[in-house]
Q: 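Following this message is one structure expressed as structure tokens.
Below, all heavy atoms of this structure are taken into account, side chains as well, without hydrogens, waters or symmetry copies. Below, read A as the first sequence line, B as the second, and so on, with proteins coming before strands; counting in each chain starts at 1.
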Amino acid sequence: MKNYYLSENDFSDFVTRMISTKELIAPIAKGPRFVFSKIKSPSEIRLDYDVTILPPKKEFFPPRQNLVKFSSKGYEGCIDPKEKILFGVHPYDVKGIDITDTVFENNKKDMNYLANRRAATIVASNIQKVSSRAFWDTVGADIKAKGHDAFLTKISDGYHFQTLTTKGDALISCGKFTAATEKQSSEAKKVNESVNGTCPEKLKHSSKDIAKKVRDSFSKKEMWDKMAQRCFSCGTCNIVCPTCYCFDVQDKWNVDQTSGVRTRYWDSCLTEEFSKISLGAGHSENFRESRGSRYRHRIMRKAAYLNETLGGPACIGCGRCSSGCTANIADPVEAINTIMEVK
Amino acid sequence: MCDNCGCETTEENIFLPKEAKIIKAVQATADVKLFTLKMADGYIHWDPGQFLEVSLFGYGEIPIGFASSPTRPESFDIAIRTVGRVSGAINKLVAGDSMFLRAPLGTGFPINLLRGQDVIIVAGGIGLCPTRSLIQYIMDRRDEFKKFTLIYGAKNPSQQMFKDELATWKKSSDIDFYDIVDKADENWKGEVGLITSLFAKTNLNPETRAVICGPPIMFKFVVMELNKRGIKNENIFLDLERRMKCGVGKCGHCQINDQYVCVDGPVFPLSKAKQLEEAL
Ligand SMILES: Cc1cc2nc3c(=O)[nH]c(=O)nc-3n(C[C@H](O)[C@H](O)[C@H](O)COP(=O)(O)OP(=O)(O)OC[C@H]3O[C@@H](n4cnc5c(N)ncnc54)[C@H](O)[C@@H]3O)c2cc1C
Ligand code: SF4
Ligand code: SF4
Ligand code: FES
């Protein structure tokens with residue numbers, strides 16, 4: 001771990017140098033909101049963003065990803081990682097990436113994800129603006145963000161830059177960095193600590209207590225049905241979530257009708273078809289037929305099912321689902337605080 | 001492959017299937033086709049109750065159980081019912097064609113817990129295909145097991161599969177075999193009714209180990225019959241069917257509670273399934 005300082009004036013050159021070495025992905029404005037996107041010039045970067053529409057997981061696990069290409073001559077895998085720098089990732093999203101890292105490593109390793117992940121350098125950055133539905137300071141509060149290669153913090157007259165890995169160290173040659181003074185490092189620490197407690201939404205219980213109560217509430221059918229009453233089964237809450245990783249797999253022919261691709265697409269457990277099986281002769285069975293049971297499955301996954309595997313909840317408190325849900329029912333804080341109060 | 005021991009390395013592409021050649025393809029019933037396969041590279045190992053992701057490029061991939069026993073390793077069988085897009089396309093294949101497989105997947109029948117015990121297998125409909133891997137296994141290593149009972153229910157006589165084998169099992173003193181159909185036709189001389197009515201003919205000791213595979217609605221009633229005979233839930237094993245896409249614990253489709261049916265199953269002891277609220 002090394003601490004550096006970069007002056008405000010040298011920031012632009014640093015970004016330009018990074019762009020010349022690798023693809024640089026960073027938050028940019030899109031209308032009134034923000035997205036992670038490929039950067040062409042330093043002026044596009046908006047480190048004062050609150051939250052991006054989609055989480056950065058799309059860089060490793062894109063909405064559609066080819067798995068196998070086939071033609072009349074044979075077939076082959078599509079793993080083809082590109083070196084990238086993912087720049088300006090907020091700590092809650094770093095935790096989200098850490099979660100997808102774990103699940104794609106688990107059981108059998110999925111190199112379609114992991115190769116992309118390993119080819120990436122992640123530069124985290126401090127949260128300058130808190131989004132309106134965020135609760136990252138009360139969800140899994142004891143879990144530290146890890147897996148990033150460097151951490152950039154805006155301090156007075158410039159940036160504090162902490163490198164954590166050799167990939168992080170490699171970025172130092174891109175800018176006019178000097179060793180950070182103790183004062184600069186302690187300022188950075190203060191800046192990062194100062195955002196804790198500022199999230200507009202709050203969970204009132206520990207992850208452990210929540211996991212237990214949520215699990216114990218499984219059979220409160222009426223409660224779940226009521227919570228999901230206005231659900232459109234649109235799946236938006238899954239699509240915008242940094243820790244959702246379910247997918248569908250489909251084959252598609254190319255126009256020549258002899259070659260094609262096997263592709264995975266983000267899928268959503270809130271949609272009706274997700275657990276449906278065909279039994280032949282027009283019969284089928286859906287193991288989560290009601291909206292309530294699908295809504296429950298999502299909350300269970302976020303608050304309970306994966307806790308043992310991950311060492312904490314599978315929700316990092318970004319609030320993307322809360323603001324993305326047209327029916328305004330997806331907010332985990334509202335759901336969990338309600339569950340905690342039901343006798 | 002790893003250089004030291006020739007094992008599969010963990011960094012290979014888990015979605016890349018291997019080619020298998022169809023040596024034989026026969027209609028088992030009007031809508032079920034039985035394929036005998038051999039891997040193009042010759043190598044495959046599996047346990048009874050494990051499954052494969054079977055695919056045809058351009059159509060897709062589906063989970064299918066091994067329908068023959070690893071005690072017969074020269075080739076292996078799978079039986080596929082025409083249901084939708086993928087099964088429909090695969091069932092047009094003939095001997096000499098190839099299909100593409102990822103296997104073995106999942107956790108199969110707990111042979112070690114069945115060995116040395118009385119065993120009953122209850123198979124409904126297409127459920128006879130995956131359980132055939134265990135039936136053959138027990139028949140091939142008959143002295144490792146005690147009393148062996150098989151109950152098989154089909155919709156009607158024309159949907160009965162593996163007719164030659166059924167006839168052999170009927171005659172064999174190694175197996176107490178009972179079959180039934182929901183609806184008879186003019187040539188049917190056997191039992192007609194629900195699969196559960198066959199239990200009256202059996203003589204099961206309470207220590208019997210039971211395996212159930214069939215349509216979801218069948219489980220509840222069969223379990224009741226087994227429990228009535230004193231068979232405990234931890235000695236009853238269910239072969240569960242869930243929507244599957246990846247078969248390797250990633251895509252989430254098969255998840256019940258915190259378990260992935262494709263990795264932790266498809267075979268679960270009933271005692272465990274009872275704790276997974278959505279399993280039954
Ligand atoms: C562990 C396991 C073992 C199985 N063994 C056999 C077998 O030995 N023989 C056999 O004929 N069938 C078996 N099935 C059922 C078989 O997988 C389905 O009939 C098949 O997936 C239908 O696919 P389709 O594309 O033809 O149908 P569609 O209706 O077009 O299905 C679309 C997709 O949904 C999924 N899906 C639909 N139905 C099922 C289902 N019942 N189970 C799992 N996924 C489903 C598949 O990914 C499928 O590609 C097994 C299922 C499981 C889970
Ligand atoms: S909870 Fe909201 S976002 Fe999620 S599926 Fe239902 S309506 Fe859509
Ligand atoms: S559940 Fe909602 S708040 Fe939690 S990580 Fe997913 S999108 Fe963010
Ligand atoms: S089939 Fe994908 S997780 Fe089980």
Side-chain angles (χ1 to χ4, degrees), chain A residues 67-71 74-79 103-104 106-115 215 218-219 244-253 257-262 264 267 269 273-281 283 285-288 293 296-297 300-301 304-309, chain B residues 8-17 19 31-32 53 55-63 81-87 89 100 105 125-126 155 159 215-217 240-264 276-280:
Chain A
L67 301 173
V68 184
K69 295 190 273 210
F70 52 86
S71 70
Y75 61 98
E76 58 181 352
C78 302
I79 297 171
V103 296
F104 284 108
N106 254 3
N107 296 328
K108 289 182 183 167
K109 286 185 188 199
D110 186 348
M111 295 312 292
N112 291 278
Y113 171 95
L114 293 172
R215 226 179 222 284
F218 190 97
S219 48
C244 274
Y245 56 93
C246 288
F247 57 85
D248 188 19
V249 182
Q250 300 276 343
D251 284 19
K252 291 254 154 65
W253 296 105
Q257 290 290 311
T258 59
S259 64
V261 281
R262 178 163 295 165
R264 70 172 163 198
D267 206 347
C269 62
E273 297 279 304
F274 189 83
S275 306
K276 195 167 167 182
I277 62 166
S278 316
L279 294 172
H283 297 289
E285 167 120 13
N286 191 343
F287 296 99
R288 279 190 284 277
S293 65
R296 174 180 63 196
H297 186 67
M300 286 283 165
R301 276 191 72 135
Y305 288 165
L306 290 158
N307 291 33
E308 230 167 87
T309 311
Chain B
E8 305 280 309
T9 65
T10 51
E11 305 233 325
E12 68 186 334
N13 186 349
I14 50 173
F15 288 101
L16 207 57
E19 184 177 0
D31 63 352
V32 178
E53 281 287 343
S55 73
L56 194 57
F57 289 119
Y59 298 91
E61 249 182 335
I62 51 172
R81 179 171 52 182
T82 302
V83 167
R85 178 177 159 84
V86 185
S87 54
F100 298 86
L105 302 171
I126 194 86
K155 275 224 171 64
Q159 297 215 355
I217 40 162
L240 297 185
E241 189 170 349
R242 283 297 183 280
R243 190 180 181 94
M244 290 188 182
K245 279 293 173 180
C246 70
V248 287
K250 305 288 180 205
C251 76
H253 282 274
C254 70
Q255 197 182 16
I256 308 178
N257 217 299
D258 57 0
Q259 303 277 305
Y260 288 107
V261 176
C262 66
V263 175
D264 305 302
L276 308 172
E277 290 95 338
E278 290 176 332
L280 297 172

Q: Would you mind checking which part of A/Val68 comes under 4.5 Å of any heavy atom in chain B, side chain (CB onward), backbone (N, CA, C, O), both or neither?
A: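 For A/Val68, the contact with chain B is made by the side chain alone.
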
Q: Is the cationic atom of B/Arg243 (NZ for Lys, CZ for Arg) positioned less than 6.0 Å from the six-membered ring centroid of A/Phe274 and within 45 degrees of its normal?
A: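 That pair does not qualify as a cation-pi contact.
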
Q: What part of B/Pro17 lies closer than 4.5 angstrom to a heavy atom of chain A: side chain, backbone, both or neither?
A: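 Backbone plus side chain of B/Pro17, per the 4.5 Å heavy-atom cut-off to chain A.
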
Q: With a 4.5 angstrom heavy-atom cut-off, is it the side chain or the backbone of B/Gln259 that approaches chain A, or both, or neither?
A: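 For B/Gln259, no heavy atom lies under 4.5 Å from chain A.
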
Q: Between B/Leu56 and chain A, which part of the residue has a heavy atom less than 4.5 Å away: side chain, backbone, both or neither?
A: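 Answer is backbone: N, CA, C or O of B/Leu56 sit under 4.5 Å from chain A.
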
Q: Assert yes or no for the condition that the ring centre distance of B/Phe57 to A/Trp253 is strictly below 6.0 Å.
A: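 Centroid separation for B/Phe57 and A/Trp253: 6.0 Å or greater.
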
Q: With a 4.5 angstrom heavy-atom cut-off, which part of B/Val248 approaches chain A: side chain, backbone, both or neither?
A: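 Both parts, heavy atoms under 4.5 Å.
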
Q: So which part of B/Ile62 gets closer than 4.5 Å to some heavy atom of chain A, the side chain, the backbone, both or neither?
A: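 Looking at B/Ile62, nothing touches chain A.
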
Q: Got A/Tyr305 and B/Gln255 here, is their nearest side-chain heavy-atom distance under 4.5 Å?
A: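 A side-chain contact under 4.5 Å exists here.
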
Q: With no hydrogens and no angle check, is any side-chain donor or acceptor of A/Lys69 less than 3.5 Å from a backbone partner on A/Ser259?
A: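 No, because the side chain of A/Lys69 does not come within donor-acceptor range (under 3.5 Å) of the backbone of A/Ser259.
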
Q: Are the charged groups of A/Asp248 and B/Lys245 less than 4.0 angstrom apart, N to O?
A: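 A salt bridge is present here (some side-chain N lies under 4.0 Å from a carboxylate O).
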
Q: What part of A/Tyr75 lies closer than 4.5 angstrom to a heavy atom of chain B: side chain, backbone, both or neither?
A: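 The answer is the side chain of A/Tyr75.
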
Q: Please rank A/His297, A/Gln250, A/Met300 by heavy-atom pairs under 4.5 Å with chain B and give me the top one.
A: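 The candidate making the most pairs under 4.5 Å is A/His297.
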
Q: Go through the atoms of A/Asn112 and report whether side chain, backbone, both or neither lie under 4.5 Å from a heavy atom of chain B.
A: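 Only the side chain of A/Asn112 comes within 4.5 Å of chain B.
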
Q: Which one wins on heavy-atom pair count under 4.5 Å against chain B: A/Glu285, A/Lys252, A/Arg301, A/Arg264?
A: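 Top option by heavy-atom pairs under 4.5 Å: A/Arg301.
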
Q: Considering only heavy atoms, which portion of A/Glu76 lies under 4.5 Å from any heavy atom of chain B: side chain, backbone, both, or neither?
A: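 Looking at A/Glu76, just its backbone touches chain B.
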
Q: Using heavy-atom distances under 4.5 Å, tell me whether B/Arg242 contacts chain A through its side chain, its backbone, both, or neither.
A: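 For B/Arg242, heavy atoms of backbone and side chain both lie under 4.5 Å from chain A.
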
